[in-house]
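Per chain, numbering begins at 1; letters A, B, ... match sequence-line order. On a predicted model such as this, the values are computed, not experimentally measured, just so you know.
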Amino acid sequence: MPAQIKRLALLFGLFLAIFLTARYFLVPKSFGEYGHYRGLSLTENQSKIPRYAGQAVCQDCHDDLAGLKSSNEHATLSCETCHGPSLIHAENQDSLPFRPSGRDFCLRCHRIHPARPAANVAMINPEEHNAGQQCTDCHNPHSPWENMK
Amino acid sequence: MGKHEIKNRRRFLKDAALIAGGLFVSGGTGPFGQILFATERKGTKGPWYGMGIDLEKCIGCGNCASACKAENGVSREPYYFRTWVEQYTILNDGTVKISSPNGGIDGFVQDFPESDIFKSFFVPKMCNHCENSPCVQVCPVGATFDSPEGVVLVDEHYCIGCRYCVQACPYGCRYIDPDRKVADKCTLCYHRIMNGMLPACVEVCPKGAKIFGDLNDPGSELVKFKREHSWQVLKPHMNTDSKVYYNGLRAEVR
């Protein structure tokens, strides 16, 4: 074998060794476990902390309100639709969830709007419908048509 | 003549040996199938998650966009959304107007008088969790990938923030997180669905316009939704095999 081939082979071997060593340290341990990505990332993505508890958790304590709500137009709403993320409240009752107030909150869904499917939601024109009054003066949010005042 | 026959026979034997040898060799590739064949159908085992969106039910309250930000710690600035709502307005003269002020979180105003409007409707948008995701294909480091459940995820510790995926997504569903400087997107609330909860946007939707479910489970809500409605996906010509199915999707929606 000519000397220059030997030298080249040696160089090649050296590069290969450097490459494999670098690869060993640079490629994360779980890479390729399930596919072309870091397998551990699945666990990391999965273990983020949720903030919404879910209807079932609310119902465990508030079965009265949930029961009332389920008997009327607001049945399709989850508690957290209006009350916001409440997992912290479920774990520690001292921390209270959001308590909506004011006309603007209700109007997010109930303001008259041409893009809103009228069959799907009751809509009002806030300028004509008892302007200046609070929605909750007449309507119980957990049962909108109950005991209308 | 005789010479010709021998040549033909020799060619026949050669070809036969080649085919037989080829078959023999390919029979031994089983263990390397994942490397050799990139075409294996994904999601045939276990859950395979997707989302249904019923445009006939959406009332454009923006709760989904707002809840998504709260659940996933997305910047409250109006440029970053994992899910958002668009308002489409088709005027009587045929022009299509699209608006999405702050993703619909602050509510919508209709800029056109009712007499000019032919049709107006809301379209919630989100990551389509494509089976053939362009964003996954372009990632140079393998930081974005399909989970075994068909959810397109980002590995925030491996992403180098090169923005290829942001450009590649045909649906505009990705952004660079302003604090962490890595790509971010809807995870279908992976941390919730893998722990038996619904995605935050589905949880808070007041009209049940978003339907989450397992496409491999014939009894799931999503499979039921797909059976009962003539659904359509966004940009089917892109061959992304989107897993977000819209009911009542008009051709004007892009």
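- Within the 4.5 angstrom heavy-atom criterion, no atom of B/C64 approaches chain A.
- When each of A/A119, A/P114, A/C109 is checked for heavy-atom pairs under 4.5 Å with chain B, A/P114 comes out on top.
- Within 6.0 Å of CZ in B/R254 there are 12 or fewer heavy atoms belonging to other residues, nucleotides or ligands.
- For a residue to count as touching a neighbouring chain, one of its non-hydrogen atoms must lie under 4.5 Å from one of that chain's; by this rule A/H113 touches chain B with the side chain only.
- For B/I59, the parts sitting under 4.5 Å from any heavy atom of chain A are the backbone and the side chain alike.
- The OH atom of B/Y88 sits 9.5 Å away from atom OG of B/S100, with the distance rounded to the nearest 0.5 Å.
- Of the two parts of A/P85, only the side chain, counted from C-beta on, holds a non-hydrogen atom closer than 4.5 Å to a non-hydrogen atom of chain B.
- Heavy atoms of B/E56 lying under 4.5 Å from chain A belong exclusively to its backbone.
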Dump the intermediate steps for salt bridge (charged side-chain N to carboxylate O under 4.0 Å, His left out) on B/R82 and B/E71, then the final yes or no. CA-CA 11 Å; B/R82 292 185 178 197; B/E71 174 73 24; over 6 Å; no
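- Most heavy-atom pairs under 4.5 Å with chain B: of the set A/S41, A/S78, A/A115, this distinction falls to A/A115.
- Counting heavy-atom pairs under 4.5 Å between each of B/C58, B/G60, B/A67 and chain A puts B/A67 at the top.
- For B/N72, no part lies near chain A; criterion is any non-hydrogen pair under 4.5 Å.
- Of the atoms belonging to B/V151, not a single heavy atom falls under 4.5 Å from chain A.
- Dense packing is recorded around CZ of B/F112, with more than 12 heavy atoms of other residues, nucleotides or ligands lying under 6.0 Å away.
- Side-chain contact annotation: A/Q134 with A/T136, donor-acceptor N/O pair under 3.5 Å absent.
- Annotation: cation-pi pair A/K29/A/Y24 present, NZ/CZ under 6.0 Å from the ring centroid and within 45° of its normal.
- Of the atoms belonging to A/A53, it is backbone heavy atoms, and not side-chain ones, that fall under 4.5 Å from chain B.
- For the set B/E114, B/M197, B/H157, the count of heavy-atom pairs under 4.5 angstrom toward chain A peaks at B/H157.
- Neither the backbone nor the side chain of B/C189 comes within less than 4.5 Å of any heavy atom in chain A.
- Shown here is A/F31, whose CZ atom has more than 12 heavy atoms of other residues, nucleotides or ligands within 6.0 Å.
- When atom types are taken as modelled, the side chain of B/D116 and the backbone of B/L91 share no donor-acceptor pair closer than 3.5 angstrom.
- Contact annotation for B/T187: only side-chain heavy atoms (C-beta onward) come within less than 4.5 Å of a heavy atom of chain A.
- Heavy atoms of A/I49 lying under 4.5 Å from chain B belong exclusively to its backbone.
- There is no contact between B/I90 and chain A, counting heavy-atom distances below 4.5 Å.
- Nearest approach of B/C127 to B/K185, heavy atoms of both residues: SG-NZ, 3.2 Å.
- Only the backbone of B/V109 comes within contact range of chain A, judged by heavy atoms closer than 4.5 Å.
- Between chain B and the options A/R116, A/H110, A/M123, heavy-atom pairs under 4.5 Å are most frequent for A/R116.
- Salt bridge annotation for A/R38-A/E44: present, with a cationic side-chain nitrogen under 4.0 angstrom from a carboxylate oxygen.
- With B/K125 as the partner, the side chain to side chain contact (heavy atoms under 4.5 Å, CB included) test is satisfied by one option alone out of B/I53, B/V253, B/T83, B/V85: B/V253.
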